[in-house]
2 protein chains.
Amino acid sequence: MVPQPHGSGKAEDQLSATFAALADPTRRAILARLLTHEASVAELAEPFQMTTRGVSKHIGVLEAAGLVTRSRDAQRRPSRIRAEPLAEVDVWLQTYRRLWKGRFDRLHEHLASQRKGKHR
Amino acid sequence: MVPQPHGSGKAEDQLSATFAALADPTRRAILARLLTHEASVAELAEPFQMTTRGVSKHIGVLEAAGLVTRSRDAQRRPSRIRAEPLAEVDVWLQTYRRLWKGRFDRLHEHLASQRKGKHR
DNA sequence: CGGTTGCGGAACCATATGGTTCCATATAGT
DNA sequence: ACTATATGGAACCATATGGTTCCGCAACCG
């Protein structure tokens, strides 16, 4: 297999973008704060020991993933949380929920018998 | 603020590791296959046009995040899915669920908590 | 008007990530 | 004893990520 120039950039699907955005504690903390009220970059930055520019970039990632939208209020750009990507995660999780909500064995057996003479 | 040597490596918390692991379509596809049966690296690699080594590395990431465990069967190292990190994601999501599941008011919460202790 | 605030662009840096190749090792099968 | 199969380690590469600094611009406030 040739070294594959590593693709034409990104091609990120929505779910991947969402998970990637959530894979950072700072960004999750930002989301948590937005749960109760909209907030500007400066307001969101205050709890962290990081430059506002750093926080601004995190918000940029959240926005790119659709987890946040920004409006305008004079110079401020208040962020507001968006539910859709999270709802998508919820849907994705649905398939796996049976793994920890009991009754897994029956499901497993069921699926196993369904794929009868395949593999191996 | 000083350039911050960017920490002493990683410091990854579990949730971050889980989200990061899930932020790749290949790895999600692997998890989906493991939902029905354990599988070896070679078996898991077959659907992808990627070297088995590549897939092996993905499995490594999943294992590091605790999403998978491996046993041994001769030379094979069958992977099995683990529910715990996914359950953690589910718990995390819980806080945000009200964003897309209808209204959030006291009555709703009240009814929800009543339902909890009822039946069974 | 001039100063302050809020924010984003650009350049930069160190490290992480996703992939490859090549090789070593372990086990199975003949 | 050989040969084939399954897997992981190491080195390598290109790009992404998380942070910084410095600067510019828009909008507010005296």
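Throughout, a chain's letter reflects where its sequence line sits, starting with A, and its residues are numbered from 1. FYI, side chains are in, hydrogens and waters are out, and symmetry mates aren't considered; it's all heavy atoms of this structure. As the structure is a computational prediction, the values presented were derived from the model and not from experiment.
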From [options], nucleotide with atom closest to [X] side chain:
X: B:Arg76; options: C:dG18, C:dT20, D:dA6; result: D:dA6
X: A:Ala42; options: C:dC7, D:dA6, C:dG18; result: C:dC7
X: B:Val41; options: D:dT7, C:dG19, D:dC28; result: D:dT7

**Asked** For the side chain of B:Lys57 and the base of C:dG19, is some donor closer than 3.5 Å to an acceptor across the two?
**Response**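 Yes.
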**Request:** Can you check whether any acceptor in the base of D:dG9 is under 3.5 Å from a donor in the side chain of B:Arg53, or vice versa?
**Result:**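 Such a pair exists between side chain and base.
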In whole Å, I'd like the distance from the [atom1] atom of [X] to the [atom2] atom of [N].
X: A:Asp24; N: D:dG18; atom1: CG; atom2: C1'; answer: 8 Å
X: A:Asp73; N: C:dT5; atom1: CG; atom2: C1'; answer: 13 Å
X: A:Leu44; N: C:dC7; atom1: CG; atom2: P; answer: 9 Å
X: B:Ile59; N: D:dG9; atom1: CD1; atom2: C1'; answer: 16 Å
X: A:Leu62; N: D:dG18; atom1: CG; atom2: C1'; answer: 13 Å
X: A:Arg77; N: D:dC25; atom1: CZ; atom2: P; answer: 18 Å
X: B:His58; N: C:dA16; atom1: NE2; atom2: P; answer: 18 Å
X: B:Gln75; N: D:dA6; atom1: CD; atom2: P; answer: 7 Å

**Prompt:** Do B:Tyr96 and B:Trp100 make the cut of ring centroids closer than 6.0 angstrom?
**Reply:**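 No; B:Trp100 has its ring centre 6.0 Å or more from that of B:Tyr96.
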Any side-chain N or O of [X] under 4.0 Å from OP1/OP2 of [N]?
X: A:Ser40; N: C:dG6; result: no
X: A:Arg70; N: C:dG8; result: yes
X: A:Ser56; N: C:dC7; result: no

**Request:** With DNA chain D as reference, determine whether A:Thr52 or A:Arg72 sits nearer its 5' end, using the nearest nucleotide of each.
**Result:**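 The residue whose closest nucleotide sits nearer the 5' end is A:Thr52.
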**Item:** Pairwise 5' ranking along DNA chain D for A:Val55 and B:Glu63, keeping only the more 5' one
**Value:**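 Here B:Glu63 is the residue nearer the 5' end.
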**Request:** Would you indicate whether A:Arg97, at its atom CZ, is surrounded by more than 12 heavy atoms from other residues, nucleotides or ligands within a distance under 6.0 Å?
**Result:**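 Enclosed.
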**Message:** side chain to side chain contact (heavy atoms under 4.5 Å, CB included), that's the test. Do A:Ile30 and A:His58 meet it? Break it down for me.
**Reply:** CA-CA 9 Å; A:Ile30 289 173; A:His58 278 302; 4.1 Å; yes
**Asked** Can you find a side-chain donor-acceptor pair between B:Arg28 and A:Ser16 that sits under 3.5 Å?
**Response**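 Side-chain D/A pair, B:Arg28 to A:Ser16: present.
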**Asked** Under a 4.0 Å N-O cut-off, is there an ion pair linking B:Arg33 with B:Glu43?
**Response**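 Answer for the salt bridge query: no.
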